[in-house]
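Everything below concerns the one structure shown next.
Just so it is clear, the model here is predicted, and its values are computed rather than measured. For the numbers below, each heavy atom of this structure counts, side chains included, while hydrogens, waters and symmetry mates do not.
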Amino acid sequence: RDRARRAARLKFIHISKTAGSYIENIGHNVNLQWGSYDKEYGYFHRTLSRMPERVRAKYDWFMVVRNPYERVVSEFNWFHRESVEKNRRPGPRYFVHEFVNSRNRAAFKTMYHPLHANDTTLFNRAIRHLIAQRSGDGDHFTEQFLYLSPCLSGVCKIHVLRYENIGREFEALMEQYGINLGFNESDKYNTAHASSFTTRDLDSSSIDLIREAYRRDFAHFGYSTELP
């Protein structure tokens, strides 16, 4: 019974592109309602600061952080794949609300058509557009430190795992809470992307923007501002 109470006390904060969907699903398989399965949390990408203090203090929390360069590129690859695939189907265009009022027509066009590996100019324009449109309340491209902010005052307890060491750190945390869950590194990625750009495709303007927009992520979580 004590083990079950410890397990139920642990909740998950889903930062996008940090193996969150995989973690939610393996938790759900053992009846743990994490992330999108957690009805009390609501929209699963929103920051913890948007939750009432009584909820923040009620549970222990964990989240996964990732190198900002890697995360931004992974975000684009996922975002682009979803837009291209769903644009091929009948019905309303997916994500069109994000771009319909944009003056950046190159970014708009980029999201709905496959890109070749050498289309780095459009890739970088879209990256900069998406970062500029990010929400501070929690969504794709939101800074990672914002998910941690309410816990810095001691209102709640939070465990921060690193994506780069996720298997080992996740399993150690599960053991601490008496949860019998392993982590399969090969399953942490979403399905193959329609495009597969890497951090080496970022141009100097995009690199500068990422360094500035995510400067507190680099500093707080100890990531180098040099490209990985």
Side-chain angles (χ1 to χ4, degrees), residues 12-23 35 43-51 56 61-83 95 98-99 102 104 106-107 110-111 115 120-153 156 158-166 169-170 188-190 193 195-228:
F12 177 53
I13 303 166
H14 186 159
I15 299 176
S16 61
K17 310 320 299 172
T18 59
S21 296
Y22 174 70
I23 290 172
Y43 176 55
F44 59 99
H45 281 321
R46 69 174 173 171
T47 61
L48 195 59
S49 62
R50 307 299 295 174
M51 298 291 292
R56 299 201 304 262
W61 303 86
F62 77 101
M63 69 185 202
V64 183
V65 297
R66 185 175 184 179
N67 182 293
Y69 293 118
E70 297 280 3
R71 178 174 171 246
V72 163
V73 173
S74 181
E75 284 279 15
F76 172 84
N77 284 332
W78 174 84
F79 208 94
H80 181 236
R81 180 201 74 209
E82 292 291 299
S83 298
F95 292 138
E98 298 284 349
F99 298 94
S102 171
N104 191 339
T110 297
M111 301 315 294
L115 288 179
T120 56
T121 299
L122 289 178
F123 159 73
N124 279 284
R125 287 179 184 173
I127 283 279
R128 293 193 288 272
H129 175 78
L130 290 163
I131 293 173
Q133 297 297 314
R134 72 191 184 282
S135 167
D137 293 332
D139 208 340
H140 297 276
F141 295 92
T142 296
E143 298 96 304
Q144 296 169 96
F145 83 91
L146 290 173
Y147 291 85
L148 184 62
S149 296
C151 297
L152 296 177
S153 62
C156 53
I158 189 166
H159 303 274
V160 179
L161 313 182
R162 292 174 71 96
Y163 183 86
E164 295 77 13
N165 307 317
I166 184 61
E169 294 184 10
F170 178 84
K188 72 180 180 182
Y189 305 102
N190 282 345
H193 300 302
S195 54
S196 54
F197 292 93
T198 73
T199 57
R200 295 298 171 184
D201 295 311
L202 294 167
D203 64 20
S204 59
S205 295
S206 295
I207 291 170
D208 289 344
L209 178 60
I210 291 169
R211 285 173 177 165
E212 173 59 25
Y214 301 101
R215 64 187 183 281
R216 294 184 66 177
D217 285 352
F218 284 109
H220 194 90
F221 302 115
Y223 287 106
S224 171
T225 56
E226 297 300 316
L227 280 181

**Heavy-atom side-chain contact between D217 and Y223 under 4.5 Å** = no
**Message:** So, taking the atom named NE2 in H45 and the one named CD1 in I13, what distance separates them when rounded to the nearest 0.5 Å?
**Reply:** 13.0 Å
**Request:** Output yes when a side-chain donor or acceptor of R46 lies under 3.5 Å from a complementary backbone atom of M51, and no otherwise.
**Result:** no
**Prompt:** If you draw the axis of the six-membered ring of Y163, does the NZ or CZ of R66 fall within 45° of it and under 6.0 Å from the ring centre?
**Reply:** yes
**Message:** To the nearest 0.5 Å, what is the distance between NZ on K17 and CZ on F76?
**Reply:** 13.0 Å
**Request:** Tell me yes or no: between the side chains of R56 and S49, is some donor less than 3.5 Å from an acceptor?
**Result:** no
**Asked** Does the side chain of D203 reach to within under 4.5 Å of the side chain of T120, using non-hydrogen atoms?
**Response** no
**Complete:** Shortest non-hydrogen pair, F170 vs L161, comes out as CA-CD1, 3.9 Å
**Any donor-acceptor N or O pair under 3.5 Å, side chains D139, T142** = no
**Prompt:** Hey, does the side chain of R50 reach the backbone of T47 with a donor-acceptor pair shorter than 3.5 angstrom?
**Reply:** no
**Request:** Measure the spacing between CD1 of I158 and CG of L148 and express it to the nearest 0.5 Å.
**Result:** 5.0 Å
**Prompt:** Where is the tightest heavy-atom contact between I15 and Q144, given as atom of each residue plus distance?
**Reply:** CG2-CG, 3.9 Å
**Message:** Looking at every heavy atom in both E143 and A213, which two are closest together, and how far apart are they?
**Reply:** CG-O, 3.5 Å
**Worked check of side chain to side chain contact (heavy atoms under 4.5 Å, CB included) between L202 and F123** = CA-CA 8 Å; L202 294 167; F123 159 73; 4.0 Å; yes
**Message:** Distance check, rounded to the nearest 0.5 Å: I23 atom CD1 versus I166 atom CD1?
**Reply:** 4.5 Å
**Prompt:** N124 side chain to D201 main-chain N or O, any donor-acceptor pair under 3.5 Å?
**Reply:** yes
**Fill in**
When every non-hydrogen atom of M63 is compared with those of Y147, the smallest separation belongs to SD-CB, 3.8 Å
**Asked** Any donor-acceptor pair under 3.5 Å linking the side chain of N77 with the backbone of F197?
**Response** yes
**Prompt:** Minimum heavy-atom separation for G222 to R162, with atom names?
**Reply:** O-NH2, 4.3 Å
**Message:** Walk me through whether L122 and R125 qualify under side chain to side chain contact (heavy atoms under 4.5 Å, CB included).
**Reply:** CA-CA 5 Å; L122 289 178; R125 287 179 184 173; 4.1 Å; yes
**Request:** Taking E169 for its side chain and V64 for its backbone only, find out whether a donor-acceptor pair lies under 3.5 Å.
**Result:** no
**Asked** Going by the angle between their ring planes, with limits at 30° and 60°, are H140 and W78 parallel, tilted or perpendicular?
**Response** parallel
**Asked** Does the side chain of Y214 reach to within under 4.5 Å of the side chain of R134, using non-hydrogen atoms?
**Response** yes
**Item:** Distance in Å, T225 OG1 paired with I210 CD1, rounded so as to fall on 0.5 Å steps
**Value:** 11.5 Å
**Message:** Give me the atom names and distance for the closest heavy-atom approach of P228 to E70.
**Reply:** CG-OE2, 3.4 Å
**Test item: side-chain donor near acceptor, Y69 and R211, under 3.5 Å** = yes
**Item:** From CA spacing to verdict: ring pair (Phe, Tyr, Trp, His ring centres under 6.0 Å), H220, F145
**Value:** CA-CA 7 Å; H220 194 90; F145 83 91; 7.6 Å; no
**Prompt:** Taking the six-membered ring for Trp, are F62 and F12 parallel (under 30°), tilted (30 to 60°) or perpendicular (over 60°)?
**Reply:** tilted
